[in-house]
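Comments concern the structure below.
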There are 2 protein chains.
Amino acid sequence: MTDLRGGSTQVLVLSLLAEEPMYGYQIAKELERRSEGYFDFKEGTLYPLLHRIEKEGLVRGEWQVVEKGPSRKYYSITPEGRKVLEKSAAEWTTFSQRLLKILGQETEPAST
Amino acid sequence: MTDLRGGSTQVLVLSLLAEEPMYGYQIAKELERRSEGYFDFKEGTLYPLLHRIEKEGLVRGEWQVVEKGPSRKYYSITPEGRKVLEKSAAEWTTFSQRLLKILGQETEPAST
DNA sequence: GTCTATACCTAGATTATCTATATACATAGA
DNA sequence: TCTATGTATATAGATAATCTAGGTATAGAC
């Protein structure tokens, strides 16, 4: 396991940023959209996370002024961030498969 | 999501106890065995969890004296526990599928 | 006599997440 | 004009799951 509890937010965020730079609000909306409303990240989760992974060097943030409306802070993934993403995506995949396998033990057995 | 971060231990434990009553040490070993060493629950996680879900009425604990070696506290799942298991197993399944789907976005696309 | 396995327990620290609140600009409606 | 909603960021404080690290006790192996 190695500390897989929670931490799913990070891998999801990195996985989006691996496609293209995004700003916080956009990340939240995009994850919500892709999951059909399932993932609903709170601001109190997302922004501190972005600050943390920026400090850790996994992403780089850059302010961008918008004509109308508040400025946006665009985050782009770094090479280090891609490494972490690759590793933790693999870990989450393993974890999910292991979990589902054990939970699956007690699904309807194929008519014994 | 509704608070899915962590909490995987509980659903795993309940899922084992849905098969048959087990004691703490046995649960740890069994999960380790079934996951080929992947799940490795620490005592500091497992025992407090068992106490909590017993207090919540999801399991019932019963001491059993063994001829040789320390006594064991066998836990059996309650009807309430089965309800919770069913619900959280479904939630974990959804969560895993959603997660894997989004992480899968950036796997090798089928040779475009 | 010490080590390992079995079997339970708890205190304290860490940390991810949530709740709640704040700021600020734009627009639409009453 | 006032208010509500959407956009966009931010932080303080609470909650809770997990880990670390210790402790007790029995039994068998070397």
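Chain A is the first sequence line, chain B the second, and so forth, proteins listed ahead of strands; every chain is numbered from 1.
Within the 4.5 Å cutoff, side-chain heavy atoms of B:E30 are placed close to those of B:R34. By the 4.5 Å heavy-atom criterion applied to side chains, B:I102 and A:S15 are counted as neighbours. With contacts defined as side-chain heavy-atom distances shorter than 4.5 Å, the pair A:V84/A:E56 does not qualify.
Here B:T9 reaches the OP1 or OP2 of D:dT18: one of its side-chain N or O atoms lies under 4.0 Å away. Proximity of A:H51 to the phosphate of D:dT9: no side-chain N or O atom is located under 4.0 Å from OP1 or OP2. Residue A:Y47 places none of its side-chain N or O atoms closer than 4.0 Å to OP1 or OP2 of D:dA10. Checking the phosphate oxygens (OP1, OP2) of C:dA7, a side-chain nitrogen or oxygen of B:Y23 falls inside 4.0 Å. At the phosphate of D:dA16, neither OP1 nor OP2 sits under 4.0 Å from any side-chain N or O atom of B:R52.
If you take CD of A:E30 and P of D:dT7, they are 14 Å apart, rounded to a whole angstrom. Rounded to whole Å, the distance from CD on B:E54 to P on C:dC8 is 12 Å. Atom CG in B:L46 sits roughly 11 Å away from atom C1' in C:dA7 (whole-Å rounding). If you measure from atom CZ of B:R33 to atom P of C:dT6, you get 14 Å, rounded to the nearest angstrom. Put simply, NZ on A:K55 is 13 Å from P on D:dA10, counting in whole angstrom units. Following rounding to the nearest Å, B:E32 (CD) and C:dA7 (P) show an atom-to-atom distance of 14 Å. Residue B:I27 contributes atom CD1, which lies 13 Å from atom C1' of C:dC8 at whole-angstrom precision. Following rounding to the nearest Å, A:F41 (CZ) and D:dT9 (C1') show an atom-to-atom distance of 18 Å.
The side chain of B:Y25 lies closest to C:dA5, out of C:dA5, D:dA8, C:dT10.
In this view, B:E36 and A:R98 satisfy the side chain to side chain donor-acceptor pair (under 3.5 Å) rule, not counting sequence neighbours. Checked against salt bridge (Lys or Arg N to Asp or Glu O under 4.0 Å), B:E62 has no partners two or more places apart in sequence or in another chain. When the salt bridge (Lys or Arg N to Asp or Glu O under 4.0 Å) test is applied to B:E80, no partner is found at least two apart in sequence or on another chain.
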With B for base contact, S for sugar-phosphate-only contact and - for none (protein heavy atoms under 4.0 Å), nucleotides 20-30 of chain D reads BBB--B-SS--
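Using a distance-only test at 3.5 Å, with no hydrogens or angles considered, a donor-acceptor pair links the side chain of A:E54 to the main chain of A:G61. Side chain of B:T78 to backbone of B:L58: a donor-acceptor contact under 3.5 angstrom is found.
Classification of the A:Y47-A:H51 ring pair by plane angle, with boundaries at 30° and 60°, yields tilted. Aromatic ring orientation, B:F41 versus B:F39: parallel (interplanar angle below 30°, classes split at 30° and 60°).
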What verdict does the side-chain hydrogen bond (donor to acceptor under 3.5 Å, both in side chains) test give for B:Q10 and B:R52, after you've listed the backbone C-alpha separation in whole Å, the side-chain angles of each residue and the deciding distance to 0.1 Å? CA-CA 10 Å; B:Q10 177 175 318; B:R52 202 197 72 224; 2.3 Å; yes
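Across the helix from C:dG1-D:dC30 to C:dA30-D:dT1, the helix axis at one end is tilted relative to the axis at the other end by 0° (nearest 10 degrees, each axis from five pairs).
What you find for B:E91 and A:Y38 is that their closest heavy atoms are O-OH, 3.7 Å.
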Just the atom pairs and distances: protein N or O near nucleotides 1-4 of chain C's N or O, under 3.5 Å.
none

